[in-house]
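Before any comments, here is the structure.
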Amino acid sequence: MERNQMRRQLALIRQSFFDQGFLDEQFIQLEELQDDANPNFVEEVVTLYYRDSSRLILNIDQALERNPLDFNKLDNYMHQFKGSSTSIGAKKVKAECTQFREYCKAGNSEGRCMRTFQQLKKEYAILKRKLEAYFQQARQAGPLETACRSRN
């Protein structure tokens, strides 16, 4: 595939993340921090997010197995996870974090925490797959400054 065509396709894929509600404006702000000195900045930040958040997911999974549930501990873990998700613009993941925290504050363990956490993990995995494919294609397309952000 020709490089310009790859870049156009990459721009469409990127736009679909926003159109489908996976990402918000924070992702754009990350892209704006990327420059020639650090051309893979966004990918590196996202990689760190997934590495660190996988630990939080494990901690939440373990906390959800305890009986009785420690809603304060769960809320603290989810607060961290929500902050990390917000920092990369993971809109759907952040929304699920917010819902989960509301259930924790209400002390609602009637399955809502579990269902919300399962949905959060689903959105997390979908975004991860989409971003991995996007960054792989961005590397193939060449310099990211031409592939990351359309200048309308």
Side-chain angles (χ1 to χ4, degrees), residues 6-7 9-35 37-141 144-145 147-150:
M6 287 175 71
R7 288 187 185 126
Q9 184 175 357
L10 192 61
L12 291 173
I13 292 168
R14 181 191 165 280
Q15 186 59 47
S16 75
F17 296 158
F18 295 95
D19 295 343
Q20 296 170 15
F22 287 105
L23 295 174
D24 64 21
E25 61 281 345
Q26 181 61 35
F27 189 81
I28 295 169
Q29 291 178 359
L30 277 180
E31 289 177 327
E32 289 172 350
L33 294 173
Q34 186 163 284
D35 58 19
N38 197 350
N40 299 318
F41 177 76
V42 176
E43 183 176 6
E44 290 168 7
V45 169
V46 169
T47 300
L48 286 171
Y49 163 75
Y50 277 104
R51 188 191 71 205
D52 293 344
S53 59
S54 65
R55 173 187 50 83
L56 286 170
I57 287 175
L58 180 62
N59 290 342
I60 295 166
D61 264 327
Q62 291 171 346
L64 284 169
E65 291 173 4
R66 292 194 175 82
N67 197 4
L69 292 178
D70 183 342
F71 288 106
N72 286 329
K73 183 179 270 189
L74 283 166
D75 186 54
N76 286 335
Y77 287 143
M78 194 56 70
H79 177 71
Q80 292 175 43
F81 191 41
K82 181 181 176 185
S84 297
S85 299
T86 299
S87 73
I88 68 157
K91 187 176 180 178
K92 287 186 177 184
V93 174
K94 181 176 75 171
E96 294 299 328
C97 289
T98 299
Q99 189 69 57
F100 186 94
R101 290 190 72 205
E102 287 174 12
Y103 291 142
C104 283
K105 287 177 181 162
N108 187 331
S109 64
E110 305 300 317
R112 289 184 177 176
C113 282
M114 295 289 202
R115 283 192 302 274
T116 301
F117 189 55
Q118 294 308 314
Q119 184 63 32
L120 182 152
K121 291 194 297 187
K122 178 182 167 189
E123 296 296 347
Y124 174 87
I126 290 169
L127 182 61
K128 183 176 184 183
R129 280 193 311 273
K130 287 179 174 288
L131 287 173
E132 284 173 346
Y134 172 76
F135 289 128
Q136 180 180 6
Q137 190 164 347
R139 286 190 299 276
Q140 293 171 354
L144 289 177
E145 69 272 3
C148 275
R149 188 154 189 237
S150 59

Of the non-hydrogen atoms in [X] and [Y], which two are nearest, and what is the gap between them?
X: C104; Y: F71; result: O-CB, 3.5 Å
X: S87; Y: L30; result: O-CD1, 3.7 Å
X: V93; Y: L120; result: O-CD1, 4.2 Å
X: Q34; Y: N40; result: OE1-C, 3.7 Å
X: Q20; Y: F22; result: OE1-CE1, 3.1 Å
X: A63; Y: L74; result: CB-CD2, 3.6 Å

How long is the straight-line distance from [atom2] of [Y] back to [atom1] of [X], given to the nearest 0.5 Å?
X: Q80; Y: N59; atom1: CD; atom2: CG; result: 8.0 Å
X: Q62; Y: Y77; atom1: CD; atom2: OH; result: 7.5 Å
X: L64; Y: Q118; atom1: CG; atom2: CD; result: 8.5 Å
X: K91; Y: E25; atom1: NZ; atom2: CD; result: 7.5 Å
X: R101; Y: F81; atom1: CZ; atom2: CZ; result: 13.0 Å
X: E96; Y: S85; atom1: CD; atom2: OG; result: 11.0 Å

Candidate list D61, T116, I60, test side chain to side chain contact (heavy atoms under 4.5 Å, CB included), partner K121, passing option
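With K121 as partner, side chain to side chain contact (heavy atoms under 4.5 Å, CB included) holds for just one option, D61.
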Under the criterion side chain to side chain contact (heavy atoms under 4.5 Å, CB included), I'd like the reasoning laid out for L10 against M6: C-alpha separation, chi angles, the key distance, then a yes or no.
CA-CA 6 Å; L10 192 61; M6 287 175 71; over 6 Å; no
Whether over 12 other heavy atoms sit under 6.0 Å from K92 NZ
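Yes, because the 6.0 Å sphere around NZ of K92 holds more than 12 heavy atoms from other groups.
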Is the shortest heavy-atom distance from the side chain of [X] to the side chain of [Y] under 4.5 Å?
X: L56; Y: K82; value: no
X: R14; Y: E31; value: yes
X: R139; Y: F135; value: yes
X: K105; Y: D75; value: yes
X: N76; Y: K73; value: no

Assess the pair Y124 and Y50: is the distance between their ring centroids shorter than 6.0 Å?
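Centroid distance Y124-Y50: below 6.0 Å, so yes.
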Distance flag, aromatic centroids of Y134 and F17, threshold under 6.0 Å
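So the answer is yes for these two rings.
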Without hydrogens or angle criteria, can the side chains of Q119 and E123 be said to hold a donor-acceptor pair below 3.5 Å?
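Distance-only check passes for Q119 and E123.
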Let's go through I57 and F117 carefully: what are the C-alpha distance in whole Å and the side-chain angles of both, what is the deciding distance for side chain to side chain contact (heavy atoms under 4.5 Å, CB included) to 0.1 Å, and is it a yes or a no?
CA-CA 9 Å; I57 287 175; F117 189 55; 3.9 Å; yes
Please assess L127 against L23 for the test side chain to side chain contact (heavy atoms under 4.5 Å, CB included), listing each intermediate value before the final yes or no.
CA-CA 9 Å; L127 182 61; L23 295 174; 4.1 Å; yes
Evaluate side chain to side chain contact (heavy atoms under 4.5 Å, CB included) for E132 paired with Q136, printing each intermediate quantity in order.
CA-CA 6 Å; E132 284 173 346; Q136 180 180 6; over 6 Å; no
